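Just below is one structure, and these are the notes that go with it.
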Amino acid sequence: MAAPLTLHHHIKPPLSSENPLLTRNPTSASTIGMIASSIDDPNQPHPCIVSIEKCSNMSQLKQIHAQMLRTGLFFDPFTASKIVAFCSLQDSGSLQYARLVFSQIPNPTSYTCNSIIRGCTDKNLHQEALLFYQEMMVQGLIPDRYTFPSLFKSCRNSSEGKQIHCHSTKLGFASDTYAQNTLMNMYSNCGCLVSARKVFDKMEDKTVVSWATMIGVHAQWDQPIEAVRLFDRMIKSENVKPNEVTLVNVLTACARARDLAMVKRIHEYIDEHGFGRHVVLNTVLMDVYCKCGCVHLARDLFDKAQEKNLFSWNIMINGHVEDSNYEEALLLFREMQTKGIKGDKVTMASLLLACTHLGALELGKWLHAYIKKQRIDVDVALGTALVDMYAKCGSIETAIQAFHEMPEKDVMTWTALILGLAMCGQAENALQYFDEMHIKGVKPDVITFVGVLAACSHAGFVDEGISHFNSMSDTYGIQPTIEHYGGLVDILGRAGRIAEAEELIKSMPMAPDQFVLGCLLGACRIHGNLEAAERAAKQLLEIDPYHSGTYVLLSNIYKSSKKWEEAKRTRELMAERGMKKPPGCSQIEVHGVVHEFVKGDSSHRQSSEINEMLEDMISKLKNAGYVPDKSEVLFDMAEEEKETELSLHSEKLAIAFGLLSTSIGAPIRVVKNLRICSDCHSATKLISKLYNREIIVRDRNRFHHFKDGTCSCRGFW
């Protein structure tokens, strides 16, 4: 917090004409008068003035300053102010030198003072700007209407802001529109939205900048509806024509309010009033359409735009990623490359997220190489995206390496690695990194504990899981959310402690959702607890009577318990309500191309070769003692049909394609949209041994690393 303006810190004594620097080059009054008159004559600019305007560095400036001292020109306040302005405001200037020059000027003008204040503000030396203003007051120098806008920008809290506001009012600048506009911004930046609005409402002369500022303030402080109302009032009641900034601000508000109708209205206004060719406006419109879920409208704007900047490409690529259209995002990046446009760290973060969802490790590695080749700055966000991509593509060792290569890490970086280790079945490592995170002084957040509880669940660490759950509130002051309760229910349920899991659900401070009850139902399937399963299913169907997963899981539990009639009735009820189990879909990346398979898929161009490999796989599996697990197949089929049904599961097709298309000994990586079934899990363990391949399957819940006939999940999935 700045010192009160009434205190006089670091104040130099008033300047005196006896200053030796001022008397070193005596110049007569008549000489100064002639110099001043020649400067005032626009037709006869002094060569030194011209030189300052052309000056590019401090070395040149000092030579000009010396010349002005020799000729006496420096002692004209206007000319001296040019030296101060260069030193204060130019990137190549020096504020320290500006202060030194200022101390040599007998009668500095307000322009000279404003230059130093603005220079301090522009260089984020906010305290120095306020202290210099104190010095001005002590020396009796009078501020003008341009002094206060820079001072308002330097205020870091409302206390400083209110003091400067009082000064501006006492000195007669309370009604100055320029000062009031910056005053609104100052109050907004200090969190005083009410004060900002009071300034706006009391303004007698509201310019378009005033309206744009206040609309932007409401948008910034998450009051998008009020921002949109203000825009409506501006164009309808007050008849003020918006400028580009106003339109950008109101579009930002529309994005937060998800007000698609208003966005379309503004889009029409932009086209009707000739703003359509503004690159910034078009870019913002694309961004707003993406945030409102209308990526196709954003893409239409993008394709029609005559001029595109890097922001446009980044917004469109990220829009496709957010819309789960990952392939289109990658295709757009390829188009971007053909046009010679280089991506930046924002581009790379979006593309890495696309690779993460697709499980496209090879493409992710290529992007990492691109980042290194183009020398793109790997900040915390991009580094975290790399760690997350490698972890969620199953290359956990590379994720750890990328993590350690990062010079700076935040809580999201640590969380990405902990979650990745948990998904890959490395619970001990995940918990070790959590301990290290604590030692490094990085405070975990709610998502970190989701990863910690997942690690305990996948490894069967019941006591550790309970301890970490309790530490959330006891040690870290974090109130557990429903996700954390679901994690603990999963831990207890997988360990067979179904009754404790049910008691925990009853004691929750919030009503259980599908995730929590789904964890309980899944645990009942593992341990064959039919009574608890029926209770959980009943609650799930009360929440969503059309959720197919509940019927499928309950039916499978009935079949495991040999309750054939109940299983049949559950499936029939599902059919009556027109529900179908979501189709299984598996993806595999080969040579940078992602191939997708669904159950029984015959659409692939290599379908005949895949089927031959599939037959070879099934034959070898049976010779090795494999017996298909038919418990999760519809019971109204012949036994042979059930076996055929199982053999055509999407992950088996993807693995067969992987065996065909990759070199001997190369790992096979598959991403599945659903939980891997028990039959495919057993079969894949054997396939990894028979074909001497490491097979990594990422299902809806976790990673399964199959190698030499074993799986990293150790039966917990």
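Since this is a predicted model, take the numbers as computed values, not measurements. Side chains included, hydrogens not; waters and symmetry mates left out as well; all remaining heavy atoms used. For the single chain, residues carry numbers from 1 onward in sequence order.
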Check whether any side-chain heavy atom of Leu431 sits under 4.5 Å from a side-chain heavy atom of Glu428, and report yes or no.
no

What salt bridge (charged side-chain N to carboxylate O under 4.0 Å, His left out) pairs are there with at least one residue in residues 647-665, not counting sequence neighbours?
Glu651-Lys672, Lys652-Asp679

Where is the tightest heavy-atom contact between Ala391 and Ala399, given as atom of each residue plus distance?
N-CB, 3.6 Å

Is atom NZ of Lys689 surrounded by more than 12 heavy atoms (other residues, nucleotides or ligands) closer than 6.0 Å?
no

Assert yes or no for the condition that the ring centre distance of Phe461 to His468 is strictly below 6.0 Å.
no

Please say whether more than 12 non-hydrogen atoms of neighbouring residues, nucleotides or ligands are located less than 6.0 Å from CG in Asp435.
yes

Stepwise side-chain contact (heavy atoms from CB on, under 4.5 Å) check, His681 with Phe706
CA-CA 9 Å; His681 192 270; Phe706 299 97; 3.7 Å; yes

So, do Cys355 and Leu361 sit near enough that their side-chain heavy atoms are less than 4.5 Å apart?
no

Near His604 NE2, under 6.0 Å, is it more than 12 heavy atoms from other residues, nucleotides or ligands?
yes

Interatomic spacing from CD in Glu307 to CG in Asn282 - rounded to 0.5 Å
10.0 Å

For residues Tyr289 and His267, is any side-chain donor paired with an opposing acceptor at under 3.5 Å?
yes

Tightest non-hydrogen contact, residues Thr356 and Cys393, listed as CA-SG, 4.4 Å

Can you sort out the partners of Phe302 under ring-ring contact (aromatic ring centres under 6.0 Å, His included), two or more places apart, ordered by chain and number?
Trp313

Evaluation steps, side-chain hydrogen bond (donor to acceptor under 3.5 Å, both in side chains), between Arg494 and His458
CA-CA 9 Å; Arg494 286 176 186 272; His458 293 322; 4.7 Å; no

If you define the side chain from C-beta out and look only at heavy atoms, does anything of Leu382 sit under 4.5 Å from Leu352?
yes

Do Met508 and Val516 have side-chain heavy atoms sitting under 4.5 Å apart?
yes

Within the supplied structure, the quantity of interest is the number of heavy atoms (other residues, nucleotides, ligands) at a distance under 6.0 Å from Asp474 CG; does it exceed 12?
yes

Supply the atom-to-atom distance Tyr691 OH to Ile664 CD1, rounded to the nearest 0.5 angstrom.
12.0 Å

Please test Leu648 against Leu614 for side-chain contact (heavy atoms from CB on, under 4.5 Å), starting from the C-alpha separation and ending with a verdict.
CA-CA 8 Å; Leu648 295 176; Leu614 199 59; 3.9 Å; yes

Is there side-chain contact between Leu310 and Thr347, with heavy atoms separated by less than 4.5 Å?
yes

Compare every heavy atom of Ile376 with every heavy atom of Asp344, then report the nearest pair and how far apart it is.
C-CG2, 4.0 Å

Show, in sequence, the C-alpha distance, side-chain angles and deciding distance for Ser586 and Glu596, and conclude whether the side-chain contact (heavy atoms from CB on, under 4.5 Å) test is met.
CA-CA 6 Å; Ser586 295; Glu596 188 174 86; over 6 Å; no

For Met406, look at atom CE and say whether over 12 heavy atoms of other residues, nucleotides or ligands are found less than 6.0 Å away.
yes

Assess whether atom NZ of Lys685 is packed by more than 12 heavy atoms of other residues, nucleotides or ligands within 6.0 Å.
yes

By side-chain contact (heavy atoms from CB on, under 4.5 Å), which residues pair with Asn429, not counting sequence neighbours?
Leu421, Gln426, Gln432

Spatial distance of atom NZ (Lys372) from atom CG (Leu367) [nearest 0.5 Å]
12.5 Å

Can you list the residues that meet the side-chain contact (heavy atoms from CB on, under 4.5 Å) rule with Gln223, with sequence neighbours excluded?
Leu193, His218, Glu226

Can you confirm whether or not the ring centre of Phe469 sits under 6.0 Å from the ring centre of His484?
no

Rounded to the nearest 0.5 Å, what's the gap from NE2 on His649 to CD1 on Ile676? Could you check?
10.5 Å

What's the spacing between Leu351 CG and Met336 CE if we round to 0.5 Å?
8.0 Å

Do the ring centers of Phe434 and Phe449 come within less than 6.0 Å of each other?
yes

Heavy-atom closest pair, residues Met389 and Lys365:
CE-N, 4.3 Å

Between Ile491 and Leu453, is any pair of side-chain heavy atoms under 4.5 Å apart?
yes

Apply side-chain hydrogen bond (donor to acceptor under 3.5 Å, both in side chains) to residues Ser603 and Asp601 and explain how you reach the verdict.
CA-CA 6 Å; Ser603 62; Asp601 201 343; 2.6 Å; yes

When you look at CD of Glu483, are more than 12 heavy atoms from neighbouring residues, nucleotides or ligands closer to it than 6.0 Å?
no

Which atom names give the shortest non-hydrogen contact between Gly394 and His705, and what distance separates them?
O-CE1, 3.4 Å

For Ile610 and Leu653: C-alpha separation, side-chain torsions, deciding distance, then whether side-chain contact (heavy atoms from CB on, under 4.5 Å) applies.
CA-CA 7 Å; Ile610 292 168; Leu653 291 170; 4.1 Å; yes

Could you go through the side-chain hydrogen bond (donor to acceptor under 3.5 Å, both in side chains) check for Thr448 and Trp414 one step at a time?
CA-CA 8 Å; Thr448 313; Trp414 288 89; over 6 Å; no

Heavy atoms of Asn673 and Cys585 approach each other most closely as OD1-N, 2.7 Å

Are Tyr326 and His320 close enough that their ring centres sit under 6.0 Å apart?
no

Neighbour count above 12 (heavy atom, 6.0 Å) for Lys599 NZ
no

If we only count heavy atoms from C-beta on, is the Arg258 to Lys291 side-chain gap below 4.5 Å?
yes

Quick one: do the Ser312 and Thr283 side chains pair a donor with an acceptor below 3.5 Å?
yes

Quick one: does NZ or CZ of Lys443 land under 6.0 Å from the six-membered ring centre of Tyr476, within 45 degrees of the ring axis?
no

To the nearest 0.5 Å, atom CG of Asp323 lies from atom CZ of Arg299 at 11.5 Å

Within the structure provided, determine whether Leu332 and Met316 are in side-chain contact (heavy-atom separation under 4.5 Å).
yes

Kindly write out the residues that satisfy ring-ring contact (aromatic ring centres under 6.0 Å, His included) with Tyr370, not counting sequence neighbours, or none if the list is empty.
Phe333, Trp366

Return each pair, listed once, that meets side chain to side chain donor-acceptor pair (under 3.5 Å) where at least one residue sits in residues 378-405; pairs must be two or more places apart or across chains.
Lys345-Asp379, His368-Tyr390, Thr384-Thr413, Asp388-Lys392, Ser395-Thr398, Gln401-Glu405, His404-Tyr433

